[in-house]
Each structure stands twice: as structure tokens, then as C-alpha cells.
J.: 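The structure that follows is given in the form of C-alpha cells.
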Amino acid sequence: MSPRVLFVDDEPHVTEALKRALRKEPYEVLTAQSAAEALQVMAEAPAEVVIADEKMPGMSGSEFLRLIRQHYPDTIRMILTGHATLDAAIRAVNEGEIYRFFTKPCNDADLVVTIRHALERQQLFLKARELLGVVRSQTAELDQLEQLYPGISKVKRDEQGVIVMEEPPPGISFAKLMQEIDKTLRKEPSI
Amino acid sequence: MMFPPVDSPHYLLTAQALLTGAAAFATWLLGVVVVVRERGSQISRKFCVMTCAVSLWLAAFACMYGADEARIAVWWCKIGHIGVLVIPAAVYHFTVTVLRITLRRRWGVMAGWALSGAFVLTMLSTDWLVSGVRPYWWGYYTQYDWLNLPFLAFFFGVLAAILRDYWRAYRAADPGSTHQRRTRAFLAAFGIGYLASADYLAAYDIPVYPFGYLPVFGFLAVAAHTIWRYHLADITPATAAAEIIDTISDALIVVDADGIVRLVNQAATQLLGYREGELVGQSASLALDGALSPEQLRALLQTGGTLRNRETAYYPKWGGMRTLAFSASVMRGRDTKPLAVVCTARDITDRKRAEEEIERLASFPEENPDAVVEINEHGAPTYLNPAACRQFPDLERQGPRHPLLDGLPAARPRTGESASVSREVEVGDRVYEEWISMVPHSSVLRLYIRDVTTRKRAEEALRNYANEVHDLYNKAPCGYHSLDRDGVIVAMNDTELAWLGYAHREVVGKKRFSELLTPESVALFHGQFPTLKERGWVRDLEFEMVRKDGSTFSILLNATAVTDEQGLYLASRSTVFDITDRKALEEQLIQAQKFELIGQLAAGIAHEINTPIQYVGSNVGFLQGIFSNLDRLLDGYERVMAAVRRGPIPSALLNEIETLAQDLDLAYMRQEVPKAVAQSLEGVERVSKIVRSVRELSHSGSPKKTPTDLNHMLERAIAMAQDEWRYVADLVTDFDPALPPVPCLPDTLQQAILNILVNAAQASAEVVGPNGAGGKGTITVSTKQAGPWAELRIRDTGKGIPRAIHPKIFSPFFTTKAVGQGTGQGLSIAHSIIVRQHGGTIRFETMEGRGTTFIIRLPIEASEDMPAEKGGEGDVASGVVRG
């Protein structure tokens with residue numbers, strides 16, 4: 001499933017033109033004419049990147065992006081506005097915690113590059129988070145083993161650094177132990 | 001009435017006619033002789049009248065007797081009867097006069113004459129008295145009709161009265177006196193004379209020969225004898241006194257010892273205004289009213305003194321007041337006892353008045369508070385009135401050397417000139433006006449000298465004051481002029497003339513005020529001048545005036561009307577201020593606000609420009625990509641074409657082209673390219689529209705008004721302010737497509753409209769709120785023609801304007817917004833642009849909670865009969881609250 005990029009602008013010509021300009025990009029371009037419509041689209045299937053105009057009837061862009069940050073924190077948020085006031089920029093950064101602030105007219109190439117970077121970044125971020133999860137679960141498993149077999153997660157060494165193997169506790173065979181480990185690891189799918 | 005013929009063939013000389021004619025002549029001769037002898041005295045004239053009547057009768061009858069035909073006889077008969085009919089009156093009058101009883105019998109005399117006259121007229125005009133003549137042996141004789149009988153009664157009645165009066169007089173007269181004898185003689189004479197009435201017998205068919213001339217001869221003889229012997233009247237003190245009493249001009253009143261008036265003369269009755277009967281026999285108090293009281297009268301009678309020329313006021317019966325000189329003396333009888341008081345009175349009213357007048361005139365120079373001096377031919381004073389002595393104590397001593405007499409009498413009026421000349425003379429620190437008057441037929445000059453120092457000084461002060469006012473008017477730091485009811489300049493001060501570069505004579509009375517204005521101002525003038533005439537004032541009117549050299553300058557004009565008692569316009573009083581600088585400042589202010597407005601709109605305008613550029617850029621990028629693909633396709637196309645020309649197309653090439661076309665997604669291209677192009681073009685149009693509008697606004701255009709399509713202007717303004725209203729309101733337009741072009745300054749009018757539009761958007765935004773919670777409002781922009789005005793309405797659905805701030809809406813720097821959001825000049829500038837620059841009006845209707853409508857009216861044509869909006873510009877700022 002390819003990533004999705006959502007453009008929100010009350011001016012349909014803008015979104016249409018962007019759709020045309022970005023049609024070769026490796027992501028799906030979605031459009032919405034207002035904040036309300038955009039929230040509907042998001043509710044159906046969250047987009048990876050949301051790029052909103054600042055000045056829109058009903059709800060301003062920064063306000064909209066604040067909502068997106070609350071409800072879809074993983075979505076990357078950007079502003080593309082023709083009304084580039086300092087006030088709007090400050091609000092967008094502080095409340096919407098945006099990734100990038102574009103002013104109209106903006107170069108399509110800039111937009112393309114930025115969206116690609118954003119998507120990569122998001123994927124990296126997601127990967128990092130996933131890996132962190134693996135590490136966490138493995139650590140938890142080890143802790144469990146340690147409880148069952150105290151000292152199992154520790155390696156004894158003598159003065160020369162040679163690992164000292166101790167006899168397993170009575171009642172547990174080595175083969176059985178390996179089985180246990182294998183079972184624990186299999187719970188989590190491998191990355 | 002034909003006069004009877006007098007030539008002899010018609011008459012027969014009979015004895016009867018000759019004898020009668022002789023009697024007639026003798027009678028007439030007696031009358032004439034008596035008048036001559038008595039020197040025409042009253043009595044002799046009466047006697048003559050009597051004899052003339054008798055002689056007329058006899059003479060005419062003589063002709064009648066001698067006439068040879070009846071017709072002529074009738075004429076003479078009638079003429080003779082004129083004499084016959086007046087005989088009783090004439091005889092009676094004479095008798096009364098002879099017997100000195102004229103006063104007592106005057107009514108009788110008048111009645112006698114009146115009756116005689118009546119009989120004469122009746123006899124001449126009718127046949128009632130004399131009906132004709134009848135022939136007798138002695139000639140024709142009268143035939144009488146019925147009226148003769150009354151006449152005979154009258155005739156004999158008078159005869160009886162005469163004889164009685166003579167008889168009485170005869171008995172009353174002193175025995176043996178001339179009067180008695182004369183009376184007796186006349187008694188006899190008349191007795192004989194009246195026998196002539198025997199003539200009547202023949203007329204009454206008693207055949208008696210008319211011997212009337214015989215008794216007449218007898219009467220003549222006796223009367224002539226009497227008159228020759230005794231004269232007609234005696235010249236006695238008594239008769240003289242009677243004559244004197246009646247003829248003196250002084251009033252005479254005799255009062256007896258009992259205070260009863262016994263005698264008054266004619267002058268007294270005239271003077272006092274009472275008839276004799278009202279005075280005589282009555283108490284003296286009426287006649288002597290005020291002149292002599294009863295006490296004084298008694299005292300006079302006792303002491304017997306006299307009173308001479310006592311002046312006394314008397315009020316005659318007919319009113320008014322007369323001044324009488326009254327004298328009185330006591331009359332004594334033979335026994336020296338006082339019998340009566342004889343009073344005389346003379347009317348001295350007129351003399352008195354003349355005397356007073358003379359006295360009054362004589363006292364004039366003496367009482368004159370101004371100096372009066374008379375000088376002789378040497379210039380030496382001969383008379384000084386008291387004022388002259390007081391004012392000029394040195395005059396008499398210095399004589400001709402005194403400044404007042406300096407140059408006199410050389411300075412006297414020359415003959416032929418007016419009788420007086422005047423000159424001003426300074427004596428010390430005073431100024432005198434000296435009238436030099438010539439006395440006719442004399443070398444004396446009279447000088448009337450008046451101190452005119454105060455008047456001179458007042459005149460000078462007045463002149464100074466007038467100069468000051470004149471100066472104030474002409475050199476005032478503002479222009480000042482007056483216009484008559486036709487707008488012609490009737491006055492203009494120097495300041496305004498200097499501004500205009502005209503001379504006084506070129507403008508005043510020559511030019512209309514409108515001739516000094518630019519065409520646009522003329523329209524305003526024609527709109528406002530009737531208002532001035534009707535309402536009596538106009539305020540803060542701005543005109544452009546044209547100098548003589550053709551350059552223009554701006555003025556601010558205030559005027560009030562001068563009216564007559566009926567309130568009709570007479571002239572204007574207008575003050576004029578040169579406001580070129582202020583105007584320039586105002587224009588600068590408008591410009592400054594324009595920049596503020598542009599600043600305010602800038603972000604929005606940028607947004608409106610950036611958005612289309614955004615998608616135009618994207619679309620062009622898209623088209624560029626498409627075209628590079630198309631290029632490849634076109635390459636394939638060329639190769640295919642080349643291959644087709646060579647022969648059959650290799651299938652490898654066809655496959656390659658097909659693959660390429662598939663890659664290019666031609667269907668998508670065909671669908672999207674036209675849209676991209678159309679949208680791009682639309683975007684470019686949007687951008688250029690806004691840019692044009694901005695340029696229009698920022699373009700500080702010409703000061704000339706140009707006819708402009710208001711609808712178009714509104715569209716651009718709406719586009720330019722789009723960013724202001726788009727997020728807070730829907731905009732509805734309702735334009736009148738038939739609206740004629742309106743002359744205006746496009747840049748400033750655009751500015752005004754934008755200000756109001758932005759204001760409407762801001763009002764809508766207040767309702768919408770920051771989160772769009774209030775929902776979008778509606779801004780309605782409409783145009784229509786309202787008579788000579790183009791009306792433009794901008795309505796919003798904002799909160800409305802609170803009542804308290806209605807008067808401040810168009811005030812500069814008034815704002816309801818927070819500090820930093822606008823300077824509060826928008827509506828103020830809009831007001832001054834619409835009202836001052838365009839001569840239009842702006843007002844608003846508002847309702848709290850429902851919204852506000854601004855209504856702008858602009859004159860469609862700078863026509864001459866453009867009506868002034870009711871209420872004038874002063875009332876525009878007040879809003880109307882719809883309930």
C-alpha cells in the first residue's frame with residue numbers, strides 16, 4: 001500500500017494543479033477543500049502527510065493541523081499558504097508543530113523533495129520505533145528468564161576473562177531450556 | 001319773445017296814448033332829478049326805482065293804446081305789467097325807507113319783492129294773469145284772467161299797509177316838525193297816486209275810461225313839491241346817528257341801567273354772531289360775555305367812568321376765539337342820572353396776531369443761541385446779539401481784524417448770486433460756520449455764526465470709522481462679496497479681487513459669480529444658490545474659482561442672505577477662504593489613507609495573487625512535463641511518417657510507439673491538459689485583474705472627473721477586497737445594468753468604496769468570530785438610479801452601529817477597533833471624498849444586531865438644475881435607525 005499525501009485548500013484549482021504536478025510521485029495524492037472535509041478523509045484512512053492552506057473558511061490551517069497533531073500524531077504536517085503572515089507561521093509552528101512552512105507560490109520541485117523526505121523520515125521513524133519495540137520485548141524476555149533461571153542472563157568470567165559455565169540447576173535439561181527460549185522468541189515476528 | 005315793433009306805421013297817435021306817454025316821461029324825469037339832487041342817497045334811489053316802475057307801466061300802456069293791432073298791444077301790455085306788478089314792492093320799500101323803519105320792516109320788504117317777482121314771472125310765462133287785449137274806443141286794453149284777483153288783493157293790501165305806516169308816522173312825529181309835514185305830504189301824494197288804480201275798472205267790464213295818468217300827474221305834483229320843500233330826509237343828529245350806527249365798523253351795544261341790551265348795530269350782530277332779536281331786550285351778559293361782568297357794569301354805572309380799549313377774549317356764537325378791544329362809557333340823561341352804558345367793541349384779533357408776529361420776529365436774533373452779527377460796509381460790527389457778545393468778547397474791540405470778519409465785506413455775496421454764502425472760520429481751537437447774508441437795498445451784512453466744532457469732530461470720527469470699516473472690509477484676510485438675486489456680484493473686497501487678479505470695475509456689477517467658477521463648481525453653485533435664497537444661509541461650500549489668467553484655486557464659502565421686511569432675498573453676504581493649501585493637505589490625507597488602505601489590503605491582495613500563481617506554476621510545470629513526453633511521441637510520429645513514406649511500417653517501430661503512448665497515458669493527458677490550460681489562464685486573469693485594480697487605486701489620477709461605470713468599479717473593489725470578506729461573508733451584487741456613467745475621480749472614489757467595503761467585511765467578521773462559529777454573513781452591494789443621483793448601497797449583516805456613536809461615524813480617527821487595527825480614517829476619508837470631491841452624499845441606516853447599510857449618492861450629471869439634497873451635507877452624518 002502506497003503512502004498517502006493529503007492537500008487541503010479551499011481553492012480547487014490549487015489542489016487540482018498539485019494533483020497533476022505530483023501524479024508521477026510514489027504516493028497517492030488526496031485533496032480536500034476544507035478542514036472539515038480533510039478530517040473526514042483522515043477518519044477514513046489517515047494520510048502520512050497533510051499539507052494545508054492557512055486561510056480557509058471555517059477553520060484556519062494552523063487550527064486544523066493542531067487537531068491532526070492531536071489525533072494523528074504520526075502524520076507529518078505542513079503549511080502551504082499565500083497568506084504568509086508572521087502570526088500564522090508562529091501559530092502553525094507552536095500549535096501544529098509543523099514539519100515545513102511553504103509560501104505560495106512554491107516551486108513544485110521543492111514540494112516533491114520535501115514530501116519525499118518527509119515520507120522517508122516517517123518510515124525511518126516508524127522503523128526506529130518498531131526496532132525499539134523489539135528491543136523492549138527481548139529485554140522483557142530476558143528478564144523473565146532471569147526470574148526463572150537466576151543468573152542465566154549473566155555471564156561469569158574468571159580473572160582471565162574466560163567464561164565459566166556452571167551446571168544447570170537440577171531438574172532442567174539444556175535441551176529443554178533451548179526449547180523455552182525458542183518459544184519466547186517466536187512470539188514476536190521477526191523484522 | 002319777440003320784441004314789439006317800434007316803427008310808427010304800427011301806431012296811431014291818439015290823445016290817450018300821448019297823455020299816458022307824457023305822464024310816463026314826467027314820472028321818469030322826476031325820479032332822475034331826485035336822484036341827482038339827493039346825490040344818489042339811499043332814499044332817492046328807492047324813489048327812483050318806484051318812479052321807474054310807474055313810468056314803465058305808463059310808457060308801455062301808452063304804446064298799447066296806440067297800437068294798431070292786438071298782437072302788438074299784447075306785447076306792450078305784458079311789458080307794462082312788469083311795471084304794474086313791481087309797483088307795490090317798490091312803493092312799500094320807499095315808504096319804509098322814508099319812515100326809517102327799514103330794520104323793522106325788512107322781512108315785509110323782502111316778501112313784497114318776492115311776491116312781485118313771482119307775479120312778474122308768472123305773468124310773462126303764462127296767460128293766467130294777462131290773457132290778452134280787447135279793443136275799446138280809446139284803444140286796446142288789458143283782458144285779465146283769474147290770477148289778477150290775487151294780485152289785486154296783494155296790491156291793495158300793500159297800499160293799505162303803506163297808508164297805515166304813513167298815518168302812524170304822521171301821528172308819532174313831533175308836531176310841526178319837517179318830518180311830520182313831509183309824512184303828511186307823502187300821505188296825500190300816495191292817496192292821490194293810488195286813484196290811478198281806477199284803470200282796473202275797464203278791465204272788469206265797467207266801461208270807465210282809464211284815466212290813471214291823471215292821478216299820477218297829481219301824485220307827481222304833490223311828491224315833487226314835497227321833495228323840493230322838505231327833502232327826502234332830515235340831516236339831524238338823530239338821523240346821522242342812525243346812519244352812523246349802522247355804518248360804523250365797530251360793534252355798538254347800548255345797555256340800559258337795568259342791564260338790558262337796548263340797541264345793537266349791524267357790526268355788533270356780525271361780530272358777536274347773534275341776531276338782533278337774540279340780543280336786544282335780553283340781559284347784557286350774553287352780549288358782553290367776558291368783556292364786562294354784571295358787577296363791572298354796575299360799578300361803571302355808579303362811578304360813571306369810562307373804559308378804553310380793554311383787550312378781551314370773546315367767543316362768538318359760531319365758535320373760535322376773537323380778541324376784542326372793548327370800550328364803554330356811561331350815557332346820562334338830562335338829570336345827569338346814568339341812563340345807559342354805551343359799549344363799542346373792535347375785533348383786533350388779526351392786528352394782535354400781526355403784533356405778536358412782529359414781536360416774535362424781533363426777538364429772534366436776541367434769543368438765538370448762535371451768534372448773530374451785523375456789520376456795515378467798512379466791516380465794523382453794528383449789532384451783536386447776546387450770544388455773539390458772549391462767544392466773541394473781542395469782536396467789538398478788534399472789529400474788522402477779528403478772524404470772523406476777516407476779508408469782509410469783500411466776501412459778501414455778489415449781486416446776482418444767492419443772497420447768502422457760507423464759509424468756515426477757525427477761532428482758537430473751535431471751528432465756526434459763518435453764513436454771510438446780504439440785506440436787500442443796503443450795504444449791511446448779517447453774519448450768522450454757528451459753532452460746528454463738535455459736528456466737525458464727529459464727522460471726522462465718522463470718516464475715520466468709515467475708513468476703518470472700509471479697510472477692514474477690503475483688506476480682510478478673507479474674501480468677501482455680495483450677490484444680488486440674479487447672482488451678479490454687487491460688491492467684492494480687495495482681497496478677493498487680488499486673488500482673482502481682476503480690477504474692481506471689471507467684476508462688480510459686471511460679472512455673475514458663476515462666471516468666476518470652473519464648470520464643475522458652476523453646477524454646485526446653481527444647486528446651492530436657490531438654497532441660500534430660500535433658507536437664508538449656506539455653509540462650507542467648496543468651489544473652484546478661475547483667476548483672470550485662467551488658473552484655478554479652491555475656496556471655502558459661507559454665506560448668509562440679507563432680506564427685506566417680507567423676508568425676500570436682497571443680497572448675499574459671503575465670506576471666502578482660500579483653501580488651496582488645506583485642500584492640498586486634504587488630498588495628501590486622502591493619499592496617505594490610501595496607502596494605509598493598500599497596506600491593509602496588501603496581505604489579502606498578496607494572497608489573492610499568490611494563490612493563482614501557485615496553481616499556474618504547477619500547471620505550467622505539468623504542461624512542461626507533458627510536453628517533454630509529447631516530444632518523444634512526436635519523434636516517434638516523425639519516424640512513423642518517414643517509415644510510411646519508405647514503405648510498410650516495421651512492426652517493431654509500431655510496437656515501440658504504442659508502448660510509448662501507453663507510457664504517456666494519453667487519455668489522462670487529453671483530459672487534464674485543457675483543464676490545466678484553462679485554469680492557468682483563469683489564474684492569470686485573476687492576477688491581472690487584481691493588479692489592475694491596485695494600480696487604479698494607487699494611481700493618483702488627474703484632478704478631472706471622468707465618466708465612469710460604477711458597476712465596473714464596484715466589481716474591481718470587490719475583487720480587491722476579496723480576501724477581506726471571503727472568509728466572513730458571501731457577497732451578493734445587484735447592479736443596475738442601465739446605470740449611466742457617473743463623473744468621478746476613479747482613484748479616490750474607488751478608495752471610498754473600498755473603505756466602506758472593508759468596513760462591511762470587518763463588521764461581518766465580528767459576527768463570524770475567530771472560529772467561524774457565527775456563520776458567514778452576507779454583504780449586499782447594489783446600484784440603482786434615483787432621480788439625478790446614482791445610488792450605491794453596501795449592506796452588511798454585522799452587529800450594527802450603536803446609537804451613541806452615530807454622530808462620530810464619519811469623524812476622523814474614530815474607531816471601535818483595538819489599537820493597531822486601523823487608524824479610524826476610512827469612513828472619514830470616504831465621507832470627504834464623496835461629499836467634498838464629488839458633491840454627493842453618504843449616510844447610513846443601521847439596526848443593532850441586524851446590520852448596517854451605507855447609502856452613497858453621487859450626482860449623475862454635473863447639470864445646472866441639480867437639486868441640493870434636502871438637509872444639506874451638515875445632516876449627512878446622522879444615521880437612521882430602523883425600528
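Throughout, a chain's letter reflects where its sequence line sits, starting with A, and its residues are numbered from 1.
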J.: CZ of A/Phe7 to NZ of A/Lys19: how many Å apart, nearest 0.5 Å?
T.: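 Separation between the atoms: 11.0 Å.
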J.: Where does A/Glu16 contact chain B at under 4.5 Å (heavy atoms): side chain, backbone, both or neither?
T.: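 Contact with chain B involves the side chain of A/Glu16 alone.
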J.: Within a 6.0 Å radius of atom CZ on B/Arg692, are there more than 12 heavy atoms belonging to other residues, nucleotides or ligands?
T.: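 Above 12, so yes.
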J.: Can you list everything that forms a side-chain hydrogen bond (donor to acceptor under 3.5 Å, both in side chains) with B/Glu715? Sequence neighbours excluded, please.
T.: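 Residues passing side-chain hydrogen bond (donor to acceptor under 3.5 Å, both in side chains) with B/Glu715: none at all.
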J.: Under 4.5 Å from any heavy atom of chain A, what part of B/Asp723 do you find: side chain, backbone, both or neither?
T.: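 Both the backbone and the side chain of B/Asp723 come within 4.5 Å of chain A.
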J.: Counting C-beta onward and ignoring hydrogens, is there a side-chain heavy-atom pair between A/Leu126 and A/Glu130 closer than 4.5 Å?
T.: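 Sidechains of A/Glu130 and A/Leu126: no contact.
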J.: Can you say whether A/Leu22 sits under 4.5 Å from chain B via the side chain, the backbone, both, or neither, judging by heavy atoms?
T.: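 Neither part, no heavy atoms under 4.5 Å.
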J.: Under 4.5 Å heavy-atom distance to chain A, tell me which part of B/Glu608 shows up: side chain, backbone, both or neither.
T.: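 Neither part.
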J.: If you count heavy-atom pairs under 4.5 Å with chain A, which of B/His607, B/Arg726, B/Gln624, B/Glu682 comes out on top?
T.: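 With the most close heavy-atom pairs to chain A, the winner is B/His607.
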J.: Please check if any side-chain donor atom of B/Ser618 sits under 3.5 Å from a side-chain acceptor atom of A/Asp108, or the reverse.
T.: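 A/Asp108 and B/Ser618 do have a side-chain donor-acceptor pair below 3.5 Å.
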J.: Report the option among B/Ile613, B/Leu623, B/Asn619 that has the most heavy-atom pairs separated by less than 4.5 Å from atoms of chain A.
T.: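 Result: the option with the highest number of such pairs is B/Asn619.
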J.: With sequence neighbours left out, what residues match B/Asn755 under side-chain hydrogen bond (donor to acceptor under 3.5 Å, both in side chains)?
T.: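 For B/Asn755, the residues satisfying side-chain hydrogen bond (donor to acceptor under 3.5 Å, both in side chains) (neighbours in sequence not counted) are B/Gln593.
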J.: Between B/Ser764 and B/Asp796, is there a side-chain donor-acceptor contact under 3.5 Å, judged purely by atom types and distance?
T.: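 No.
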J.: What part of A/Asp9 lies closer than 4.5 angstrom to a heavy atom of chain B: side chain, backbone, both or neither?
T.: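 When you check distances to chain B, no heavy atom of A/Asp9 falls under 4.5 Å.
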J.: Side chain, backbone, both or neither: which part of A/Asp10 has a non-hydrogen atom closer than 4.5 Å to chain B?
T.: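 Looking at A/Asp10, just its side chain touches chain B.
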J.: Is there a side-chain contact between B/Leu630 and B/Met669 in this structure, where contact means two heavy atoms from C-beta onward sitting under 4.5 Å apart?
T.: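 Side-chain contact under 4.5 Å: yes.
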J.: May I ask you to check whether over 12 heavy atoms, not counting those of A/Arg23, lie within 6.0 Å of atom CZ?
T.: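 Counting other residues, nucleotides and ligands, CZ of A/Arg23 exceeds 12 neighbours.
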J.: Of all residues at least two apart in sequence or in a different chain, which pass the side-chain hydrogen bond (donor to acceptor under 3.5 Å, both in side chains) check with A/Asp74?
T.: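 Residues passing side-chain hydrogen bond (donor to acceptor under 3.5 Å, both in side chains) with A/Asp74: A/Arg129.
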J.: Would you please go through residues 27-49 of chain A and name the residues with a non-hydrogen atom below 4.5 Å from one of chain B, in numerical order?
T.: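 The list, in residue order, is empty: none.
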J.: Counting only non-hydrogen atoms closer than 4.5 Å, does B/Ile626 touch chain A with its backbone (N, CA, C, O), its side chain (CB onward), both, or neither?
T.: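 It is the side chain, since no backbone atom gets that close.
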J.: Please state whether the side chain, the backbone, both or neither of A/Lys55 comes within less than 4.5 Å of a heavy atom of chain B.
T.: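 Both parts, backbone and side chain.
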J.: For the side chain to side chain contact (heavy atoms under 4.5 Å, CB included) test, which of A/Met78, A/Glu25, A/Arg100 pairs with A/Ile115?
T.: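 When A/Met78, A/Glu25, A/Arg100 are each tested with A/Ile115, the side chain to side chain contact (heavy atoms under 4.5 Å, CB included) holds only for A/Met78.
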J.: Please determine, among A/Lys104, A/His13, A/Glu11, the option with the most heavy-atom pairs under 4.5 Å with chain B.
T.: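 The residue among A/Lys104, A/His13, A/Glu11 with the greatest pair count is A/His13.
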